[in-house]
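If you're wondering where the values come from, they're calculated on a predicted model, not measured in any experiment.
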Amino acid sequence: MKKRMRALLAFLLCAAVAMAVAGCGTGREDPPPGGDPSGGNEEQPAVHEVFADSDFATGFDILGTGYDSEGNVSQAERGVKKSIRFGRSDPAWSVAQWYSDYNLDQSDYVLNEETFSIADTSKSVSVDRATGAITLALNAGKEFDRVQNASSLGVYWPHLLVEPKNTVPVPIADCETMTVYLDFVINKSEHHAADFGAERPGLQAQFAWFVYVQNTNEESAGYGEFLWFGFNLYDPTQLYAPHNEQQDFAGGNAGNYIYTLGAVECIGNERVKVGERTGFEMDLIAAVEQGLAAAHEAGFMANSTVEDCSITGMNIGYEMFDVWDISTTIYDMGVSYTLKEAQ
């Protein structure tokens with residue numbers, strides 16, 4: 001958000017200077033009281049952000065891996081293991097490290113006025129505190145003991161995600177506009193298949209962003225239904241990360257659905273390439289309407305409409321299905337909105 005605000009302020013300053021220069025020596029009279037009749041002085045609606053602390057200024061809760069000390073899967077081990085405050089406020093964000101063999105929460109961290117960083121054998125999270133840019137890195141070559149295939153992978157694989165802790169739901173029906181935006185770069189994308197005697201990994205990796213869309217209308221028959229609305233940003237095995245839609249089996253609710261835009265649908269025809277900064281901005285209300293229509297057509301969330309739904313959270317980061325080693329810096333991301341005028 002800092003960069004969006006700086007860019008906006010710079011634009012407004014340039015516009016003001018240009019208008020002042022253009023007006024010098026023209027002999028034109030000042031506009032009459034009441035402002036520009038063309039609407040140039042019309043008050044702009046306030047822009048709000050769904051997700052607080054978009055510059056990661058308060059710190060992080062580090063969540064557990066989901067494995068107990070014996071290596072068994074345990075939901076109880078997914079809770080907060082370490083809380084790192086950058087000041088007096090509680091952290092607004094969590095770091096999830098599901099099904100990793102290593103524990104960020106057992107690592108020391110660096111925190112000063114310029115930077116924050118924490119790392120273990122396979123993962124790292126760092127923040128440039130001047131800009132709010134966050135870098136996530138996961139080397140799954142340290143997580144697997146062989147190159148994977150569909151039969152060897154199983155149902156658990158390493159994740160590295162960041163997510164806001166306590167998002168106040170924003171009803172889409174209350175919003176005049178809702179814009180989702182992202183600015184990022186893939187710093188590194190390598191694999192370690194050669195370490196295991198193979199030429200290439202057998203499976204892919206995923207860098208993706210999911211915005212949570214939930215029916216929060218208690219009077220609706222679909223109250224509680226949930227849409228994982230995703231942006232599939234990078235897959236090292238594909239020219240463009242693909243579109244995907246399916247039932248959400250992991251959520252434990254047959255009424256839930258996953259709808260993920262492919263990279264072409266959100267970023268466009270420019271490929272996501274290592275070292276090249278990219279991103280997108282789009283109308284989230286229209287996108288959610290598209291996702292819900294797909295869910296309805298597939299037989300899910302039949303009792304939920306866009307007007308019933310709110311934005312309730314998000315996560316962004318990696319799921320690694322093979323021995324990939326990827327680093328990404330996120331410069332800016334969020335969902336901004338303006339409210340409808342009171343009737």
message = Has Q97 got a side-chain atom pairing as donor or acceptor with L104's backbone, closer than 3.5 angstrom?
response = yes
- Candidate pair H191 and D322, rule side-chain contact (heavy atoms from CB on, under 4.5 Å), full reasoning: CA-CA 8 Å; H191 66 76; D322 215 326; over 6 Å; no
Between D90 and T58, is the side-chain contact (heavy atoms from CB on, under 4.5 Å) condition met? List the steps. CA-CA 7 Å; D90 288 337; T58 58; over 6 Å; no
ask   = Will you find, in the side chains of T312 and T167, an N or O donor that is under 3.5 Å from an N or O acceptor?
value = no
Just say parallel, tilted or perpendicular for the rings of F86 and F116, cut-offs at 30° and 60°. tilted
Checking I118, V80, V95 against F60 for side-chain contact (heavy atoms from CB on, under 4.5 Å), the one that qualifies is V95
With a 3.5 Å cut-off and no angle check, do the side chains of Y102 and S107 form a donor-acceptor pair?
-> no
Would you call the rings of F56 and W93 parallel, tilted or perpendicular, taking 30° and 60° as the class edges? tilted
Output for pair (Y259 OH, L292 CG), nearest 0.5 Å, gives 10.5 Å
Note to self: I'd like to know if the side chain of N187 pairs up with that of S327 as donor and acceptor (distance under 3.5 Å, no hydrogens or angles considered).
What the structure shows: yes
Q | 4.5 Å side-chain heavy-atom contact, Y223 and D308 | A | no
The reported gap from CG in D248 to CD in E225 (rounded to nearest 0.5 angstrom) is 12.0 Å
| query | Is the closest side-chain heavy-atom distance between N244 and N232 below 4.5 Å? | reply | no
With a 4.5 Å limit on heavy-atom distance, are the side chains of I326 and Y318 in contact? yes
Practice prompt. With salt bridge (charged side-chain N to carboxylate O under 4.0 Å, His left out) as the test, would you mind laying out the steps for D174 and K340 before giving the verdict?
Written response: CA-CA 6 Å; D174 292 350; K340 294 177 179 177; over 6 Å; no
For this session: Check whether any side-chain heavy atom of W228 lies under 4.5 Å from a side-chain heavy atom of T260, and answer yes or no.
Result: no
One should read off an interatomic distance between D120 CG and S100 OG, to the nearest 0.5 angstrom, of 5.5 Å
Give the C-alpha distance, both sets of side-chain angles, the deciding distance and a yes or no for side-chain contact (heavy atoms from CB on, under 4.5 Å) between F231 and I267.
CA-CA 9 Å; F231 305 92; I267 298 172; over 6 Å; no
* Asked: In terms of side-chain heavy atoms, does D325 have a donor or acceptor partner in H192 at a distance below 3.5 Å?
  -> yes
Short side-chain donor-acceptor distance under 3.5 Å, S74 and D68: no
Subject >> Side-chain (N112) to main-chain (E114) donor-acceptor, under 3.5 angstrom >> reply: yes
- So, do V213 and I311 sit near enough that their side-chain heavy atoms are less than 4.5 Å apart? yes
### Task
Using a 4.5 Å cut-off on heavy atoms from C-beta on, say whether the side chain of Y240 contacts that of R271.
yes
With D61 as partner, the option from K165, K82, R78, K81 fulfilling salt bridge (Lys or Arg N to Asp or Glu O under 4.0 Å) is K165
Transitive ILVMFWY side-chain link Y257 to V306, under 4.5 Å:
yes
Rounding to 0.5 Å, atoms SG (C266) and CG (L261) come to a distance of 6.0 Å
* L136 reachable from Y99 in the ILVMFWY side-chain graph, under 4.5 Å edges -> no
Q238 side chain vs P236 backbone, donor-acceptor pair below 3.5 Å: no
**Asked** When you look at N72 and E77, which way does the side chain to side chain donor-acceptor pair (under 3.5 Å) test go after all the steps?
**Response** CA-CA 10 Å; N72 301 309; E77 295 299 321; over 6 Å; no
Output for pair (H243 NE2, E265 CD), nearest 0.5 Å, gives 5.5 Å
*Check the angle between the aromatic planes of Y67 and Y156 and answer parallel, tilted or perpendicular using the 30° and 60° thresholds.*
perpendicular
Practice problem: Determine, using ring centers only, whether Y234 and F184 are less than 6.0 Å apart. | Solution: no
Report task. Return yes if a side-chain donor-acceptor contact under 3.5 Å exists between E307 and N217, otherwise no. Result -> no
One should read off an interatomic distance between D235 CG and S189 OG, to the nearest 0.5 angstrom, of 9.0 Å
Side-chain touch W98/L63, heavy atoms, less than 4.5 angstrom: yes
(message) Contact between L233 and T328 at the side-chain level, heavy atoms closer than 4.5 Å - yes or no?
(response) no
So, does D55 use its side chain to make a donor-acceptor pair with the main chain of A57 at under 3.5 Å?
no
Item to check | D53 side chain vs A92 backbone, donor-acceptor pair below 3.5 Å | outcome: no
